[in-house]
Amino acid sequence: MSQELNDQEIVRREKLQKLSEMGIDAYPAAAFDVNYNSQQILSEYNDDVKNFQDVSIAGRIMSINSKGKVTFFKIQDQKGKIQLFVSIDNVCPGEDKTFYTSVVTHLLDIGDFIGVKGETFITKTGEISIRVKELTVLSKALRPLPVVKVKDGETFDAFSDVELRYRQRYVDLVVNPQVRETFLTRSKMVQTIRDFLNEHGAIEVDTPVLQSIPGGAAARPFETHHNALDIPFYLRIANELYLKRLIVGGFDWVYEFSRNFRNEGIDRTHNPEFTVLEFYVAYKDYFWMMDYTEKMMEKIAIAIHGTTEVPFGDKILSFKAPFKRIAIYDAIKEYTGFDVSEMNEEQLLDVCKQLHIQTDKSMGKGKLIDEIFGGKCEGNFIQPTFIIDYPVELSPLTKKHRSKPGLVERFELMINGKEIANAYSELNDPLDQRARFEEQVKLQERGDDEAMFIDHDFLRALEYGMPPTSGIGIGIDRLAMLMTNQAAIQEVLFFPQMRPENL
RNA sequence: GAUUUCGUAGCUCAGCUGGUAGAGCAAUACACUUUUAAUGUAUGGGUCAUGGGUUCGAAUCCCAUCGAAAUCACCA
């Protein structure tokens, strides 16, 4: 960071110096006791009763409007903004008026934190305000805050540069209330999910982020190195295999909000680290999981929007259960006209060619079907839809379908044309699992750099016996985007990953 | 990783076909004891992302680099 200060930064440092010369500590250590927040006062003040006559409140100065011997401040606390009325005689009742003429009118800036004590009243123009009797400087801001003004719902001089907003999220949160709202909604969503799971007896657990064998998903991992052990570690791409080990260990229902890391491109729907809720329930199958998932989704929508109908862009997404269910082969048939259910690799390659889907040598049968679905079908499922019964080649951790040969008991939940969740009846046959891993090794040898590694300890766990289990992974960031009507994942992550800034 | 667009004062933006920069807000000073995008008067503030090049002269044209966004590719 350049050490050169601009005029406003210099002025603020000078003000800090003046405060100090007056014996005022701009960064006092003592606690400032607050008895109400802005929202309580604004919603509960009654001018007939004259309540809130002994208010102590603190916040950040968002605007200053000096009228001479009277100055209006708007301060912002966690709940909103409230106006302060500071008059020279109220704040300096004696002969000495210097506190008002120096501190109040010259040394305070937008961005500073202050605490005040006073009484609530209504100004001539009808705004509930606090008549300040005592004002304490709590923290001096040395950088100017962007000043966003709003009149009649129209915003002026919005702090809107996305690069600045993401890099300096703290500023974004201070001046853009809608950004704060988005993150509060995300938090509420996570809380709703956690409550829902806890109510049903699920146990929240933590599993390793540093793994020597990255498993549970098809993705390129980040690699790191442990110095003392002198071995490579990978940042987890999924926590699936660990949660299943816990099912083996006798926990019947476990969940984890898992921060996953994948070494892939960054765009408006991808961040290198992202959050997936995974949970596994013993003695259940994927039908049960579909029922449970749609109930959970319905609950989230209602908790946030008060209804199952959720606005997203120019669409309305209906989270009213039950959701539509369609087999992947039927979906492909519907949107491409091809029945790929009986096709071999060669025939699938031909279909891809006809549909102008790019292929390469590393792609096996499962991958080709996935490409066709991803390229031609996925985007059509706007309303929440379960795509079910995937080909076995695509799903190395999934139990074979009870009645449909070549398929597995798996579903993906599609919303707004994107995959939001992925779930299955978990494969618990250790011999079958070993064979599936070996298939993955063959794919690796063909050049598929996302094929899974064999996790021998996981196989050992399965050999001790895992009850029939259903598990799911739900993309929390993507779900948050849907619930907050945001088109970019960066808008639902406090600190989205960016190239380092040259400071 | 590819293509396109963008980067001008603390913030939001003007700056047409090249003639060394403007506005609003913010800041500074003064006035004003109920303002509300407060107002009025005056003032200061920018190596125009960075480095090269073309030119008598570059914010403007060309090249490279750095950052961002959109569309692809990869994926959740």
Side-chain angles (χ1 to χ4, degrees), chain A residues 2 4-12 14-15 62-74 81 83-91 100 105-106 109-111 121-127 129 131 141-168 171-172 175 217-220 237-238 258 260-276 358 360 370-371 374-375 378 412-414 418-422 449-450 473-479 481 487-490 496 498-502:
Chain A
S2 149
E4 284 169 42
L5 302 176
N6 65 46
D7 57 338
Q8 300 200 39
E9 290 173 320
I10 291 166
V11 165
R12 282 165 184 244
E14 287 167 359
K15 289 178 179 181
M62 297 305 286
S63 70
I64 303 175
N65 179 4
S66 186
K67 280 274 300 168
K69 296 193 167 58
V70 162
T71 301
F72 294 92
F73 292 91
K74 285 236 165 61
K81 291 182 192 163
Q83 178 166 271
L84 308 180
F85 173 87
V86 184
S87 79
I88 188 164
D89 293 329
N90 279 325
V91 101
Y100 182 85
T105 58
H106 287 89
D109 285 300
I110 290 172
F121 76 112
I122 295 183
T123 62
K124 276 184 189 167
T125 45
E127 181 161 348
S129 308
R131 182 180 290 115
L142 296 182
R143 285 173 185 263
L145 219 48
V147 177
V148 180
K149 297 197 174 184
V150 178
K151 192 192 186 184
D152 302 331
E154 200 182 344
T155 301
F156 299 81
D157 300 324
F159 181 61
S160 55
D161 183 303
V162 291
E163 185 177 356
L164 285 177
R165 286 183 48 235
Y166 296 161
R167 289 196 193 277
Q168 300 184 48
V171 175
D172 193 26
V175 304
R220 285 196 299 271
I237 54 174
S258 172
N260 294 345
F261 304 82
R262 296 188 187 175
N263 208 338
E264 291 153 1
I266 299 174
D267 60 31
R268 65 213 312 258
T269 56
H270 297 85
N271 195 64
E273 55 183 294
F274 61 103
T275 304
V276 174
Q358 285 194 344
D360 67 60
D370 192 36
E371 289 291 321
E378 198 174 75
E412 289 192 357
L413 174 58
M414 312 296 304
K418 293 256 158 52
E419 180 194 336
I420 294 296
N422 180 19
D449 58 359
E450 290 178 348
I474 300 174
I476 292 300
D477 310 295
R478 295 251 172 112
L479 191 57
M481 289 165 67
I489 197 170
Q490 286 78 12
M498 302 189 93
R499 286 197 138 89
E501 191 181 6
N502 254 333

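Just so it is clear: chains get the letters A, B, ... in the order the sequence lines come, proteins before strands, and each one is counted from 1. Keep in mind it's a predicted model, so treat the numbers as computed, not measured.
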For [X], what residues pass the side chain to side chain contact (heavy atoms under 4.5 Å, CB included) criterion, not counting sequence neighbours?
{"X": "A:Thr155", "answer": "A:Val148, A:Val150, A:Ala158"}
{"X": "A:Ala218", "answer": "A:Glu450"}
{"X": "A:Asp267", "answer": "A:Thr269, A:His270"}

Base partner of B:U60, which must satisfy Watson-Crick or wobble distances under 3.5 Å =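 The base-pairing partner of B:U60, which may sit in any strand shown, does not exist here.
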message = Only pairs with both distances under 3.5 Å count, Watson-Crick or wobble alike; so what is the partner of B:A2 in this structure?
response =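 Checking every strand shown, B:A2 finds its partner in B:U71, with both distances under 3.5 Å.
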Identify the pairs formed between an N or O of the protein and an N or O of nucleotides 39-50 of chain B at a distance under 3.5 Å, and give each distance.
| from | atom 1 | to | atom 2 | distance (Å) |
| --- | --- | --- | --- | --- |
| B:G44 | N2 | A:Asp7 | OD2 | 2.3 |

Return no unless some side-chain N or O of [X] is found under 4.0 Å from OP1 or OP2 of [N].
{"X": "A:Arg220", "N": "B:C74", "value": "no"}
{"X": "A:Arg131", "N": "B:U34", "value": "no"}
{"X": "A:Lys151", "N": "B:A37", "value": "yes"}
{"X": "A:His106", "N": "B:A27", "value": "no"}

Report the nucleotide, chosen from [options], that has the shortest atom-to-atom distance to any side-chain atom of [X].
{"X": "A:Phe121", "options": "B:U34, B:G10, B:U12", "value": "B:U34"}
{"X": "A:Thr123", "options": "B:A68, B:G24, B:U35", "value": "B:U35"}
{"X": "A:Ser160", "options": "B:A27, B:U12, B:A68", "value": "B:U12"}

key: Rounded distance in Å - NZ (A:Lys74) to P (B:A26)   =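 Nearest whole value for this atom pair: 13 Å.
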ask   = Do any N or O atoms from the side chain of A:Asn65 and from the backbone of A:Phe72 form a donor-acceptor pair under 3.5 angstrom?
value =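 Looks like no, no N/O pair under 3.5 Å.
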query = Under 4.0 angstrom, heavy atoms only, what part of the nucleic acid is A:Ile420 near: base, sugar-phosphate, or nothing?
reply =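 Since no nucleic acid heavy atom lies under 4.0 Å of A:Ile420, the category is nothing.
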Span that lies between the [atom1] atom of [M] and that of [N], in whole angstrom:
{"N": "B:C16", "M": "B:U28", "atom1": "C1'", "result": "35 Å"}
{"N": "B:A26", "M": "B:G10", "atom1": "C1'", "result": "7 Å"}
{"N": "B:G24", "M": "B:U20", "atom1": "C1'", "result": "25 Å"}
{"N": "B:A14", "M": "B:A23", "atom1": "C1'", "result": "7 Å"}

By salt bridge (Lys or Arg N to Asp or Glu O under 4.0 Å) - contacts of A:Glu419 (at least two apart) =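 Salt bridge (Lys or Arg N to Asp or Glu O under 4.0 Å) check on A:Glu419 returns nothing, list empty.
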message = Looking at B:A76 and A:Phe274: do their rings stack (centroid distance under 5.5 Å, interplanar angle under 30°)?
response =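 Given the distance and angle limits, yes, they stack.
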message = Once salt bridge (Lys or Arg N to Asp or Glu O under 4.0 Å) is applied, what residue pairs with a partner in residues 145-165 of chain A remain, sequence neighbours excluded?
response =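 Non-adjacent pairs meeting salt bridge (Lys or Arg N to Asp or Glu O under 4.0 Å): A:Glu163-A:Arg167, A:Arg165-A:Asp172, A:Arg165-A:Glu491.
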